[in-house]
2 protein chains.
Amino acid sequence: MVTIVDVARHAGVAPSTVSYVLTGNRPVSAGTRVRVRESIQLLGYHPHAGARALASSRSNVIGLVLPLREGVQLPVVMRFVTSVVTAARRHDMDVLLVTADQGAAGLRRLAHCARVDGCVMMDVGLDDERLPVLRELGRPAVLLGHPAAVKGLTCVDLDFEAAGARCVDHLAELGHRSIGFLGASSAVYARNTGFAQRTLAGFSSAAMRRGVASTAMPAEPRYDSVQAVVGTLLRELPRMTALVVHNEAVLGWVLECLRAEGRRVPDDVAVVAICPDELAERLRLTSVQLPAEALGRRAVELLVAQLNGQQTPPLTLLEPNLSVRTGPHR
Amino acid sequence: MVTIVDVARHAGVAPSTVSYVLTGNRPVSAGTRVRVRESIQLLGYHPHAGARALASSRSNVIGLVLPLREGVQLPVVMRFVTSVVTAARRHDMDVLLVTADQGAAGLRRLAHCARVDGCVMMDVGLDDERLPVLRELGRPAVLLGHPAAVKGLTCVDLDFEAAGARCVDHLAELGHRSIGFLGASSAVYARNTGFAQRTLAGFSSAAMRRGVASTAMPAEPRYDSVQAVVGTLLRELPRMTALVVHNEAVLGWVLECLRAEGRRVPDDVAVVAICPDELAERLRLTSVQLPAEALGRRAVELLVAQLNGQQTPPLTLLEPNLSVRTGPHR
DNA sequence: GTGAAAGCGCTAACAA
DNA sequence: TTGTTAGCGCTTTCAC
């Protein structure tokens with residue numbers, strides 16, 4: 001195994017100098033720096049993670065706490081995961097997987113044994129039960145999601161309220177006066193996930209503000225449910241010319257059902273989705289995307305800032321981005 | 001921070017004794033063991049991961065290399081992930097996430113800096129490009145999947161060939177003489193994923209062996225593709241009374257299309273699926289499940305065996321399990 | 001059955 | 001700008 005001593009000998013410097021070249025914790029003259037770098041390259045040196053963690057009391061590992069609840073959109077989770085890993089690597093950190101079932105005890109263990117420097121916790125609910133543990137540990141942590149009380153925490157989320165409003169604004173500006181809202185499954189609303197309620201709130205108040213008629217309904221991830229909901233919406237809102245869909249799992253079915261009801265999309269009913277870009281792209285639907293990449297990256301950046309002793313804001317809301325797509329579908 | 005010295009002092013023993021209680025690397029009298037355990041509990045001691053890694057040259061971390069290819073079934077991936085994490089925890093190990101995009105260099109880095117003791121690599125293809133790196137590193141590793149050449153490796157997989165055959169056997173024993181096969185998307189077959197081909201091979205040779213008429217077709221994850229494929233199958237195999245489906249993404253559509261073609265399921269066409277149990281359960285379909293939990297667990301067990309210096313077999317195939325479900329759907 | 005002590009490879013004072 | 005050195009907290013040999 002190649003150690004820092006080998007590199008130091010090879011470069012003709014002291015071990016500490018090699019360390020300083022690596023960490024940047026003290027200026028090193030350009031000449032030595034280059035020589036050390038060359039030796040590192042040549043010998044294929046990689047600092048021993050454990051030794052480094054022991055000496056610096058920094059593991060350079062982020063714990064990523066996954067959601068394992070029913071109803072989460074797996075593709076979105078995966079996009080978060082990859083974006084967190086990518087962002088972490090940019091800061092020379094690795095990512096340890098913490099499954100939800102490890103629970104509070106797991107978080108405590110990881111913190112105490114110094115396996116992770118901090119955590120990014122995904123899919124945090126309004127009244128998440130893991131929050132007390134996080135506060136108790138007092139470790140750096142960033143939450144993806146939006147708990148009811150953000151005091152003393154650091155949370156990152158899409159501004160879902162703005163997203164809901166954005167859809168209405170866009171449609172109202174196109175002249176629509178009667179807009180439906182097809183949301184997530186009722187379980188998601190019951191569960192206090194926050195993002196669903198906030199989108200709906202943004203939608204509703206924007207509709208109110210603009211004097212647009214509106215009705216909102218949840219839809220279960222089954223064809224028959226979507227069929228029923230679309231039917232109900234058309235009945236409740238007979239002059240409905242636009243529909244905002246915040247339920248990527250059933251988006252395809254919504255389009256089918258509208259057609260089955262004799263409505264052309266977008267000619268009779270304009271559909272705006274709140275969903276990943278790729279899906280909207282495929283269906284050629286105007287949409288507000290869930291910027292998983294940006295959220296994950298921001299979360300990691302905030303965590304790194306905390307690790308460097310900086311204060312971070314309790315809540316960061318990323319602005320929604322509406323992409324207009326006008327092509328015909330299929 | 002609570003260290004081993006604190007525990008030793010509190011229990012009135014030497015630090016090494018505490019270590020031996022923890023690792024079991026040397027017998028400790030029952031009395032001391034209990035006392036030490038109590039002190040550990042009382043003080044809330046967790047051995048420092050980095051220190052342990054440095055002293056023992058074992059990080060107690062498994063690298064889990066994720067697939068990021070198009071066409072992977074995310075729910076299945078997640079089940080693997082959770083089962084690997086759960087199994088790892090049972091061996092007092094944690095799991096580090098390695099995304100595919102980190103590539104060979106990433107694997108090399110993690111091995112050299114001793115961040116991980118070994119790897120579990122998911123979704124390994126027949127001619128996977130990561131295999132050379134793995135061999136080069138000579139580190140403990142277990143592959144989930146089935147590369148063309150398993151020599152010198154340790155692979156775990158479902159016996160897909162047996163799975164394909166099992167479906168035919170089951171249906172033939174029920175008297176079916178003409179059986180269709182609706183497989184994964186053509187991209188999956190083109191990509192040499194192995195599992196898809198082997199299932200098909202098992203299906204085909206079992207049909208041949210039993211003198212059953214059969215036709216196999218791939219299906220893309222779009223409704224129109226499924227519609228076309230089901231139509232073609234019914235045309236090519238006019239007396240088809242059974243269908244084996246190896247494509248969980250479109251399974252629901254297959255049932256719809258069969259009904260749209262005027263075939264009752266299972267009265268006119270019996271459908272057997274190769275898919276996760278939960279899905280088959282929901283659709284009340286006889287099925288062979290992908291035992292993600294068992295595969296993940298076995299992979300971890302084999303990895304742990306390797307870490308303990310044991311030899312592990314190059315290929316472990318888990319037997320398929322066919323669950324008969326006879327209820328009506330919906 | 002237990003203790004003392006020498007590292008593991010690195011970082012970060014302290015010293016020059 | 002660089003070198004020397006004392007730990008970081010644990011494991012493990014050696015000694016009893």
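Every chain is numbered from 1, with letters handed out A, B, ... down the list of sequences.
The two residues A/Asp123 and A/Arg130 come nearest to each other via the heavy atoms O-NH2, 3.6 Å. Here the shortest heavy-atom pairing between B/Leu144 and B/Ala299 reads CD2-CB, 4.0 Å.
Mapping heavy-atom proximity under 4.0 Å, the span of DNA chain D touched by chain A runs 5' to 3' from D/dT1 to D/dG9.
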Donor-acceptor contacts, no H, no angles, side chain residues 307-318 of chain A, under 3.5 Å, sequence neighbours left out:
{"residue": "A/Asn308", "atom": "OD1", "partner": "A/Arg58", "partner atom": "NH2", "Å": "3.2"}
{"residue": "A/Asn308", "atom": "ND2", "partner": "A/Val304", "partner atom": "O", "Å": "3.4"}
{"residue": "A/Thr312", "atom": "OG1", "partner": "A/Thr154", "partner atom": "OG1", "Å": "2.8"}
{"residue": "A/Thr312", "atom": "OG1", "partner": "A/Gln306", "partner atom": "NE2", "Å": "3.2"}

Side-chain polar contacts of residues 4-14 of chain A - donor-acceptor pairs under 3.5 angstrom, sequence neighbours left out - could you list them?
{"residue": "A/Asp6", "atom": "OD1", "partner": "A/Arg9", "partner atom": "NH2", "Å": "3.2"}
{"residue": "A/Asp6", "atom": "OD2", "partner": "A/Thr3", "partner atom": "N", "Å": "2.8"}
{"residue": "A/His10", "atom": "ND1", "partner": "A/Ser39", "partner atom": "OG", "Å": "2.8"}

Check residues 86-93 of chain B and write down every donor-acceptor pair under 3.5 Å in which the side-chain atom is one partner and the other belongs to a residue at least two apart or another chain.
{"residue": "B/Thr86", "atom": "OG1", "partner": "B/Thr82", "partner atom": "O", "Å": "2.7"}
{"residue": "B/Arg89", "atom": "NH1", "partner": "B/Met93", "partner atom": "O", "Å": "3.3"}

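Here the SG atom belonging to A/Cys119 is positioned 9.5 Å from the CG atom belonging to A/Leu143, to the nearest 0.5 angstrom.
Between its opening and closing five pairs, the helix from C/dG1-D/dC16 to C/dA16-D/dT1 changes axis direction by 30°, a value rounded to 10 degrees.
Residue-environment remark: CZ (B/Arg298) stays at or below the threshold of 12 foreign heavy atoms within 6.0 Å.
In this pair, B/His112 and A/His46 present their aromatic rings parallel. The plane angle is below 30°, not in the 30 to 60° band.
A/Ser57 comes within 4.0 angstrom of no nucleic acid atom, judged by non-hydrogen atoms across all strands.
Distance alone, capped at 3.5 Å, places no donor-acceptor pair between the B/Arg115 side chain and the A/Ala49 backbone.
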Problem - Contact pattern, 5' to 3', of nucleotides 4-11 of chain C - B, S or - by protein heavy atom under 4.0 Å - result: B--BBBBS
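Considering A/Val116, A/Leu110, A/Val95 in turn, A/Val116 is the only one that fulfils the side chain to side chain contact (heavy atoms under 4.5 Å, CB included) rule with A/Val61.
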